[in-house]
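The block underneath contains the structure these notes are about, expressed in structure tokens.
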Amino acid sequence: MSSYFTDLAQQYIDGEWRPGTGSWDIIDFNPYDDEKLASITIATVDEVDEAYRAAARVQKQWAATNPYARRAVLEKALELVEEREDEITEAIIAELGGTRLKAAFELHLAKEFLRESVHLALRPEGRIIPSPVDGKENRVYRVPVGVVGVISPFNFPFLLSLKSVAPALALGNGVVLKPHQNTPIVGGTLIAKIFEDAGLPGGLLNVVITDIAEIGDAFLEHPVPKVISFTGSDAVGRHVATVCARLFKRSILELGGNSALVVLDDADVDYAVDAAVFSRYVHQGQVCMAANRVLVDRSVADEFTEKFVTKVKSLKAGDPRDPGTVIGPVINSQQADSLAGVVEQALAEGATALVRGARTDNLVEPSVLTGLPADSALLRQEVFGPVAFLVPFDGEEEAVRLVNDTPYGLSGAVHTGDIERGVNFAKQIDTGMFHVNDGTVHDEPIVPFGGEKNSGNGRLNGEAMLDAFTTMKWISVQHGRSGFPF
């Protein structure tokens, strides 16, 4: 595995594997045991420029390529992911601290999204629109935007890089990908290697491993990319949106969340417990859709809480290589420190710890807190880790108010014995996605994915990919002669 990381610990620019020319290295660590996986000399502003120029140069020919030929490259990439599943699994475990369960979950979704991208290559359709002018034909073409800049996060880097890269390529665009510094291989060069081996023309997809301390806003401000697809925190997303708006670039923003899982008085409590534990603790809670808050009707709160706490205590924390491990490490020590601070703050504000997980380096065991004051800022912010807040409520009206009392609006779930009651509840919640009698963590290839409020702008998946990575062009043809007033 170490040689696997070493081989991919380079920049991938204009079809060439080469070291960066920056003055310092990004060190890629295993977050569980601190093993050094790779050392990568960072890319500079000049290399970002080279990557974008290469993508722009090759993209014209790629856009003119028969979409069936583009589809064949995507099909081969999917085939390679399936062939290399064991290697990719081990890389996810090593670089992210993801458990085997998490790696399987990420790979399953990645393959599903690649399958959808295969079909996406043939999806763009033109239209002929009537004209009030005699003899005129209005043709509307759907064409690639050109070059797309993709910035991906550390939590599901393989999936969330592919989720923008593959559709953008399928639709005829060039791409420059900047993976998160903590996941440069799984979120970056591993994907470049797959597409290189699948026969993608050199220069069309580029991966730059770098840091804003080196390049500032050069990745965003470069004149070549017409679309920036960013997945990450709302704080950084706000900056991305500001820069893009100033330069008239389109930004697709998939940002953080503060999802709630709601248990109404007629819910199947045992099932709701299972859904809530998964929704909060999958991949150590490092998921934008994770259920930060678990809201429970007071009439079933005692039963739910007892069963929830029992199940959380049973979750095995430890080495993510162990198939029995459910809770692996968080991504780095800063994240672990932050989570310790969240628990300390909650307790200082008067919360009670029903479960207080121990911390060993980056391994943060699950905590369950209740009794937070209603005005606590912790109930309104994203907590990116295995800390759950249990909040009792009295009746649906209060539940709706509590769920919406956050600046985020990504996902959520409600549990009830009456499906239509659940749907009516969901309609009152200001989110892009909401689930009845299920968990909060879902993503499907053809269903629009995205959030409201501080959780982002735009949608991905299915038809939304066409809106994200193509543009419409009107070409009119005058078959007769127009009349002009002078």
Side-chain angles (χ1 to χ4, degrees), residues 106 109 113 148-157 159-165 167-168 177-183 187 212 217 219-220 225 227-246 249-260 279-280 282-293 330-331 334-335 338-339 342 377-385 403-413 429-435 440-444 447-461 464-465 467-469:
E106 181 166 6
L109 282 174
F113 277 92
V148 177
V150 178
I151 304 172
S152 63
F154 67 78
N155 58 339
F156 280 76
L159 168 66
L160 295 179
S161 292
L162 273 176
K163 193 173 171 179
S164 288
V165 169
L177 167 63
K178 188 185 94 62
H180 193 279
Q181 298 91 311
N182 287 125
T183 50
I212 58 170
D217 283 336
F219 191 90
L220 306 175
V227 174
I228 300 292
S229 179
F230 171 82
T231 305
S233 72
D234 61 303
V236 179
R238 187 175 287 107
H239 178 72
V240 172
T242 301
V243 173
C244 288
R246 174 166 53 82
K249 296 175 186 285
R250 186 187 306 170
S251 58
I252 309 297
L253 305 172
E254 299 294 342
L255 309 180
N258 181 19
S259 300
S279 298
R280 173 64 277 189
V282 62
H283 192 41
Q284 295 77 266
Q286 298 174 120
V287 184
C288 56
M289 296 170 280
N292 281 15
R293 301 167 294 153
V330 295
I331 192 66
Q334 292 89 345
Q335 197 75 11
S338 172
L339 292 164
V342 165
L378 294 174
L379 292 172
R380 292 164 182 82
Q381 70 187 50
E382 182 174 44
V383 177
F384 219 59
V403 175
N404 285 330
D405 188 15
T406 173
Y408 297 96
L410 187 57
S411 184
I429 307 303
D430 300 329
T431 59
M433 307 173 285
F434 208 83
H435 309 285
T440 62
V441 180
H442 292 285
D443 198 358
E444 296 181 12
V447 182
F449 182 101
E452 299 296 324
K453 302 192 283 189
N454 287 11
S455 289
N457 281 327
R459 295 292 185 269
L460 291 176
N461 303 0
M465 294 299 196
D467 294 329
F469 301 125

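Hydrogens, waters and symmetry mates play no part in the numbers below; they use all other heavy atoms, side chains included.
With a 4.5 Å cut-off on side-chain heavy atoms, L339 and V383 count as touching. For the pair I228 and V240, the minimum side-chain heavy-atom distance is below 4.5 Å. Residues P407 and R380 meet the side-chain proximity criterion, which asks for heavy atoms closer than 4.5 Å. Proximity of V227 to S251: side-chain heavy atoms (C-beta onward) are nowhere separated by under 4.5 Å. In this structure, the side chains of F230 and C244 stay at 4.5 Å or more apart for every pair of heavy atoms. F469 is listed as a side-chain neighbour of L460, based on a closest heavy-atom distance under 4.5 Å. Side chains of Q286 and I331 form a contact here, defined as non-hydrogen atoms less than 4.5 Å apart. The shortest distance between side-chain heavy atoms of L379 and D405 does not fall below 4.5 Å.
Annotation: side-chain hydrogen bond (donor to acceptor under 3.5 Å, both in side chains) contacts of E254 (sequence neighbours excluded): none. Every residue two or more places apart in sequence or in another chain that forms a side-chain hydrogen bond (donor to acceptor under 3.5 Å, both in side chains) with S161 is listed here: S152. Evaluation of the salt bridge (Lys or Arg N to Asp or Glu O under 4.0 Å) rule for R238 yields no partner, not counting sequence neighbours. In this structure, D217 has no salt bridge (Lys or Arg N to Asp or Glu O under 4.0 Å) partners at least two apart in sequence or on a different chain. Under the ring pair (Phe, Tyr, Trp, His ring centres under 6.0 Å) criterion, F434 pairs with no residue, sequence neighbours left out. L410 meets the side chain to side chain contact (heavy atoms under 4.5 Å, CB included) test with C288, M289, M433, S455; sequence neighbours excluded. Scored by the side chain to side chain contact (heavy atoms under 4.5 Å, CB included) test, R459 finds P448, E452, A464 as partners (sequence neighbours excluded). For N457, the side chain to side chain contact (heavy atoms under 4.5 Å, CB included) partners two or more places apart in sequence, or in a different chain, are L253. S338 pairs by the side chain to side chain contact (heavy atoms under 4.5 Å, CB included) definition with nothing, not counting sequence neighbours. Legend: residues meeting salt bridge (Lys or Arg N to Asp or Glu O under 4.0 Å) with D430, ordered by chain and number and at least two apart, are absent. Remark: K163 pairs with D443 by the salt bridge (Lys or Arg N to Asp or Glu O under 4.0 Å) rule, at least two apart or across chains. Remark: N155 pairs with no residue by the side-chain hydrogen bond (donor to acceptor under 3.5 Å, both in side chains) rule, at least two apart or across chains.
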Is there a side chain to side chain contact (heavy atoms under 4.5 Å, CB included) between K178 and F219 once you walk through the steps?
-> CA-CA 8 Å; K178 188 185 94 62; F219 191 90; 3.7 Å; yes
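One distance of note links CD1 of I252 with CG of D467; it measures 8.5 Å at 0.5 Å rounding. Here L177 contributes atom CG and S164 contributes atom OG; the two are 9.0 Å apart, rounded to the nearest 0.5 Å. With rounding to the nearest 0.5 angstrom, the NE2 atom of H435 is 9.0 Å from the OG atom of S279. Put simply, CG on N454 and CG on D234 are 5.0 Å apart, with the number rounded to the nearest 0.5 Å. In this structure, CG on L160 lies 7.0 Å from CD on E106, to the nearest 0.5 angstrom.
Close placement of the H283 and F156 rings is indicated, their centers lying within 6.0 Å of each other.
Closest of all the heavy-atom pairs between P157 and T183 is CB-OG1, 3.6 Å. Shortest non-hydrogen contact noted between Q284 and V330 is CB-CG1, 4.3 Å. Scanning both residues, F154 and N182, for their nearest heavy atoms gives CB-CB, 4.4 Å.
T440 and S259 are not linked by any side-chain donor-acceptor pair at a separation below 3.5 angstrom, with hydrogens and angles left out of the test. There is a side-chain donor-acceptor pair under 3.5 Å between R280 and N292.
Listed for the K453 side chain is a donor-acceptor partner under 3.5 Å among the backbone atoms of T406.
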